[in-house]
Undergrad: 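Structure provided below as structure tokens; questions to follow.
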Amino acid sequence: MRPVPLITLTALWVLLWGNVSVANIVSGLVLAAGLTRLSRLPPTGGGARVSPWHCLRLFAWFVADMASSAANVAWQAVRPGPQPPNAVIAVTLRTRSDLTMTITALALCAVPGSLITEVRRSTATLYIHVLGVRAESELERVRRGVLALERRVIRALGNAEDRRLLAEEGPAP
Amino acid sequence: MSDLVAGALLLVGAVLSLTAGIGLLRFPTLLSRLHLGAKPQVIGMVLTLVAVGLRTDAPLDIGILALTGLFQLVTGPVAAHMIGRGAYRSGLVRRDLLLTDELADDLADDRGQESS
């Protein structure tokens, strides 16, 4: 039995009850043990190396990006005049790790202006619906942004393979 | 002071949710509407939760507020993705309003390979 899901699930249970008591912790542990036994999920994040500093940087970037693009989309919604066209673009990530791909996709999805319409796991390609694109040149900017985001995710919790791919590519432009 | 901050956060959160509502009416296509339902609305809610957290005295309430926000942030995008994927695959996308569509090209390639 892996300890991390057990502890996480118990912590969730105690938080949901809203008070730390022996009964809550014990019932949480029993429930967590039962749940992890019933649903045998494959381990994720195999070999992930977590760097707290880069996790913090990723989080700070995420909050800043969310704020700026929320303002952007909100403005697009209320701005007078016709709506600009959208686009669906394909961005192929470097990574082969499910964890890196999932975190990158989630971060993209949580930020306004980009929506994942399709994911191809075999090639690690994300198909992104981009809101309000006026020119093709803007798409290039979005593409670079996605790859830069992936770079941040890898630095925060990529595995050895991810980091090797990143190192081969050389320093960030 | 915390009253001021909480009030400001509530206001910003409410304005974001309002723009999400306006956008739902104004945006022309399903996919672009999904952007609003999934994003400014969620951020508006997170800001509201932070404001409530600032004004509460029970520390464990903050835990449940954080959980609510976390689940919104994690499940919202997944739901939006599933709806968007379903909509795309059932042809509910207005291609005339798309500048480029690289997914359509790749899906067409797949079909070509299957039939050949």
Side-chain angles (χ1 to χ4, degrees), chain A residues 11-12 14-20 62-63 66-67 69-92 102 105-120 123 125-136 138-139 143, chain B residues 12 15-29 31-32 34-36 38-40 42-44 46-47 58 60-64 66-67 70-74 76-78 80-81 83-89 93-107 110:
Chain A
L12 271 180
V14 172
L15 275 178
L16 283 173
W17 277 104
N19 93 63
V20 186
F62 177 69
V63 171
M66 204 149 160
S69 42
N72 236 331
V73 173
W75 170 239
Q76 252 192 60
V78 295
R79 182 192 52 186
Q83 299 296 334
N86 308 316
V88 176
I89 60 169
V91 182
T92 300
T102 308
L106 260 184
L108 270 177
C109 245
V111 160
S114 51
L115 189 88
I116 311 277
T117 36
E118 185 75 55
V119 178
R120 189 163 296 182
T123 55
T125 307
L126 303 177
Y127 294 90
I128 304 165
H129 182 259
V130 191
L131 195 65
V133 194
R134 265 173 225 86
E136 300 268 350
E138 279 183 46
L139 293 178
R143 238 182 272 273
Chain B
V12 176
V15 168
L16 277 177
S17 302
L18 176 69
T19 59
I22 296 173
L24 276 184
L25 290 172
R26 288 200 61 213
F27 279 9
T29 66
L31 282 178
S32 49
L34 267 180
H35 281 272
L36 290 151
K39 297 13 177 330
V42 172
I43 300 168
V46 169
L47 290 178
L60 270 169
D61 284 355
I62 294 174
I64 212 157
L67 274 187
L70 187 73
F71 280 132
Q72 276 279 316
L73 279 175
V74 174
V78 178
H81 164 60
I83 297 173
R85 186 173 189 270
Y88 191 94
R89 296 218 158 201
V93 175
R94 290 265 308 270
R95 296 246 150 62
D96 53 320
L97 293 177
L98 287 176
L99 198 66
T100 53
D101 188 350
E102 292 172 1
L103 177 54
D105 303 343
D106 285 9
L107 284 177
D110 286 359

Undergrad: Mind checking the NE2-CG spacing from B:H81 to A:L108? Nearest 0.5 Å is all I need.
TA: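 If I round to the nearest 0.5 Å, the distance is 12.0 Å.
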
Undergrad: For A:V14, which atoms come within 4.5 Å of any heavy atom of chain B: side chain, backbone, both, or neither?
TA: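 It is neither, since no heavy atom gets under 4.5 Å.
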
Undergrad: So how far is it from A:L115 CG to B:Y88 OH, rounded to the nearest 0.5 Å?
TA: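 The distance works out to 13.0 Å.
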
Undergrad: If you compare all heavy atoms of B:T19 against all heavy atoms of A:A74, which two are closest, and at what distance to 0.1 Å?
TA: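 Looks like OG1-CB, 3.5 Å.
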
Undergrad: May I ask you to name which of A:L12, A:I128, A:I89 has the most heavy-atom pairs under 4.5 Å with chain B?
TA: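 Heavy-atom pair counts peak at A:I89.
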
Undergrad: Do you know which two heavy atoms are closest between A:A70 and B:I43, and how far apart they sit?
TA: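 Closest approach of A:A70 to B:I43, heavy atoms only: CB-CD1, 3.6 Å.
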
Undergrad: To the nearest 0.5 Å, how far apart are CZ in A:R79 and CZ in B:R26?
TA: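 That separation rounds to 7.5 Å.
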
Undergrad: Over all heavy atoms of both residues, which pair between A:L106 and B:V78 is shortest? Give the atoms and the distance, please.
TA: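 Nearest heavy atoms, A:L106 then B:V78: CD2-CG2, 4.4 Å.
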
Undergrad: Once rounded to the nearest 0.5 Å, what's the spacing between atom OG1 of B:T29 and atom NE2 of A:H129?
TA: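 Nearest 0.5 Å value for the OG1-NE2 distance: 5.0 Å.
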
Undergrad: Who wins among B:G84, B:G86, B:S32 for the most heavy-atom pairs under 4.5 Å with chain A?
TA: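 So the answer, after comparing B:G84, B:G86, B:S32, is B:S32.
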
Undergrad: Of the listed residues (B:I22, B:L73, B:L31), which shares the most heavy-atom pairs with chain A below a 4.5 Å separation?
TA: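 Most heavy-atom pairs under 4.5 Å with chain A: B:L31.
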
Undergrad: Which atom names give the shortest non-hydrogen contact between B:G23 and A:A77, and what distance separates them?
TA: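 Smallest heavy-atom distance, with atoms named: CA-CB, 3.6 Å.
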
Undergrad: Chain A heavy atoms under 4.5 Å from B:L16: which part of the residue, side chain, backbone, both or neither?
TA: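 For B:L16, the side chain is the part near chain A, not the backbone.
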
